[in-house]
Amino acid sequence: MTTVRDNGIDEEAASLRAAMVRELRDLGAITSESVAGAVAAVPRHLFAVGEPLTAAYAANQALVVKRDEDGTALSSLSATHIQAVMLEQAGIEPGMRVLEVGSGGYNAALIAELVGKDGASISVDIDAEIVDRARKCLDAAGYEQVEVVRADAAAGVPELAPFDRIIVTAGAWDIPTAWLDQLSEHGRIVVPLRMRGLTRSIAFDRTGGPEAELVSDSYRLCGFVPMQGTSAYTERLVHITDGLALRIDDQKQDFDTEALASAVRSPRLEVWSGAAFDLPDELELFLATNTPEMVMLHGSKDLVDQGFLALSVTRGVPALVSGGSFAYRTKRPNEETGGFESGVLAHGPDAETVAARYAELLRRWASDHQRRGAARIAYRPMPAGTAEPAEGVVAKRLGTVAFSWS
């Protein structure tokens with residue numbers, strides 16, 4: 001189904017749109033004819049109001065739609081690359097009912113193309129301004145059939161449920177019960193889920209039964225503005241010393257910040273694993289979810305320039321923290337391991353112990369799991385507040401995210 005109205009614009013937009021589809025195919029973001037057809041049909045520039053055509057059709061460029069008074073992005077038109085990836089993960093078929101959480105308009109129009117005239121595309125957002133904007137853009141582009149609802153997305157849209165697919169276009173820390181309740185028996189949720197400082201777009205399939213467990217072996221690296229409303233969540237940022245902090249999920253974890261601050265400026269221990277460094281996004285997910293003692297370490301360039309820390313801390317790196325000691329990942333050139341070798345830098349009185357534990361994780365990853373898609377992920381609902389972190393288990397308020405690696 002093609003419902004496009006280009007409103008007199010324009011060969012240039014059509015040419016740029018076709019080029020974007022070709023680029024997304026080449027990048028592997030588009031793998032199906034149905035998603036290619038949807039992206040080719042929807043005039044993205046009509047949802048990127050005020051932006052030049054080149055920006056509207058840049059495959060990897062997100063466009064901020066609204067910021068708060070401090071300049072923080074509250075809503076954005078996501079890059080077409082990640083939207084295409086998530087649509088491929090969703091596997092939408094004609095006739096399906098699809099709920100989009102987070103309204104921009106463009107993705108809802110893509111969904112409308114995929115579900116066709118016998119399906120339904122419904123978009124929900126908490127922000128009245130964003131809902132109004134999405135409605136106007138959809139109407140301008142010829143997608144009057146898309147329903148746009150203002151509501152706290154944590155409650156879903158029960159009056160229009162059930163949904164065969166739920167696609168979440170905002171960073172979620174947990175999976176609200178309402179999404180599970182409103183998902184059809186064999187439905188799928190595609191959600192950018194945040195776990196110990198990392199975000200992955202995960203395609204969860206409902207397994208059925210009274211527990212409504214979700215399982216997945218499809219996940220991709222991504223980044224989104226965070227959810228608002230009752231499902232919003234702020235991770236703890238534990239200040240260690242000037243230019244150094246830990247970002248953690250668990251509000252109950254305690255840290256000896258004075259001992260860790262002292263450890264930063266102590267001589268560091270280097271341990272090289274002998275294992276190849278490759279696929280850093282997969283490696284980070286393995287490290288971050290393997291043990292509750294792993295948190296995200298964020299350090300400043302000043303501490304790197306002073307020789308206390310390695311460059312990996314400036315973008316955030318999984319760190320193993322034990323008492324007043326910590327260890328984190330680094331790398332060095334090594335042709336014998338295929339180009340780079342993974343290693344560990346450790347500080348503190350128990351540096352040897354934490355470095356050895358970290359190095360063993362690096363070796364295990366390289367020998368057993370170093371490939372794309374090695375993780376199987378399950379979300380298990382639980383009574384609120386009862387989930388506990390464990391090896392391979394990330395605790396959420398409403399359930400657990402459990403990882404197994406093949």
Side-chain angles (χ1 to χ4, degrees), residues 1-7 9 13-14 17-18 20-22 24-25 29-48 56-57 59 77-125 131 133-149 151 153 156-169 179 182-191 201 203-206 218:
M1 178 186 72
T2 300
T3 57
V4 171
R5 293 199 305 234
D6 259 1
N7 294 343
I9 309 173
R17 191 158 58 249
M20 182 174 70
V21 171
R22 291 193 296 271
L24 291 170
R25 283 185 183 273
I30 289 179
T31 58
S32 68
E33 291 304 318
S34 58
V35 173
V39 176
V42 178
R44 190 171 191 264
H45 62 283
L46 297 183
F47 299 88
Y57 291 106
L77 179 59
S78 300
T80 312
H81 181 280
I82 188 59
Q83 289 176 312
V85 164
M86 294 176 73
L87 291 174
E88 294 287 7
Q89 286 183 295
I92 297 170
E93 298 176 2
M96 284 185 169
R97 297 182 63 79
V98 181
L99 175 66
E100 178 198 33
V101 173
S103 296
Y106 175 66
N107 198 54
L110 294 174
I111 293 168
E113 290 286 342
L114 292 168
V115 300
K117 61 182 177 61
D118 295 325
S121 174
I122 300 111
S123 187
V124 59
D125 201 286
V131 168
R133 181 187 185 280
R135 180 74 272 158
K136 289 177 180 177
C137 290
L138 285 161
D139 290 348
Y143 292 92
E144 294 91 347
Q145 79 272 31
V146 174
E147 296 191 59
V148 186
V149 179
V157 187
E159 65 272 22
L160 298 176
F163 304 106
D164 301 297
R165 299 290 187 265
I166 297 176
I167 302 179
V168 184
T169 61
W179 297 355
Q182 294 169 33
L183 191 66
S184 63
E185 183 179 357
H186 300 292
R188 179 177 297 174
I189 296 176
V190 182
V191 55
S201 172
F204 282 114
D205 287 321
R206 184 170 186 157
S218 172

- Only one of V191, L99, V124, V157 forms a side-chain contact (heavy atoms from CB on, under 4.5 Å) with I166, so which one is it? L99
- Query: Heavy-atom distance under 4.5 Å between the side chains of L46 and Y106, does that happen here?
  - Reply: no
- When rounded to the nearest 0.5 angstrom, what distance separates CZ in R188 from CD1 in I92? 10.0 Å
- Does a donor on one side chain sit under 3.5 Å from an acceptor on the other, for Q83 and S78? no
- Can you tell if the side chain of R17 reaches within under 4.5 Å of the side chain of H45, non-hydrogen atoms only? yes
- Message: With a 3.5 Å distance limit and no angle check, can you tell me whether R206 reaches the backbone of L183 through a side-chain donor-acceptor pair?
- Response: yes
- Query: Would you say T169's side chain and G102's backbone share a donor-acceptor pair under 3.5 angstrom?
  - Reply: yes
- In Å, rounded to the nearest 0.5 Å, how long is the span from CG of L110 to OG of S34? 11.0 Å
- Atom OG of S201 and atom CD1 of I167: how far apart are they, to the nearest 0.5 Å? 9.0 Å
- Message: Salt bridge or not between R25 and E33? Use side-chain N to carboxylate O under 4.0 Å.
- Response: yes
- For V146 and A112, work out which heavy atoms get closest and say how close. CG2-CB, 3.8 Å
- Item | Minimum heavy-atom distance I30-A84, with the two atoms named | CG1-CB, 3.8 Å
- Message: Please give me the minimum heavy-atom distance between A134 and G104, naming the atom from each residue.
- Response: CB-C, 4.0 Å
- Note on the structure: Scanning both residues in full, the closest heavy-atom pair of A108 with E100 reads CB-OE1, 3.5 Å
- Query: When rounded to the nearest 0.5 angstrom, what distance separates CE in M86 from OG in S218?
  - Reply: 10.0 Å
- Query: Can E88 and S32 be said to form a side-chain hydrogen bond (donor to acceptor under 3.5 Å, both in side chains), step by step?
  - Reply: CA-CA 7 Å; E88 294 287 7; S32 68; 3.0 Å; yes
- Query: Do R135 side-chain atoms and G105 backbone N/O form a donor-acceptor pair below 3.5 Å?
  - Reply: no
- Message: Donor-acceptor pair, distance only, cut-off 3.5 Å: does the side chain of R165 make one with the backbone of A90?
- Response: yes
- Task: To the nearest 0.5 Å, tell me how far L77 CG sits from F47 CZ.
- Result: 9.0 Å
- Message: Does any part of the side chain of M20, heavy atoms only, come nearer than 4.5 Å to the side chain of L24, both counted from C-beta?
- Response: yes
- How long is the span from the CD atom in Q145 to the CD1 atom in I122, to the nearest 0.5 Å? 11.0 Å
- Mark yes or no for whether Q89, through its side chain, and V190, through its backbone, hold a donor-acceptor pair below 3.5 Å. no
- With a 4.5 Å heavy-atom cut-off, do I111 and L87 have their side chains touching? yes
- Message: Closer than 4.0 angstrom, basic N to acidic O: yes or no for R97 and D164?
- Response: no
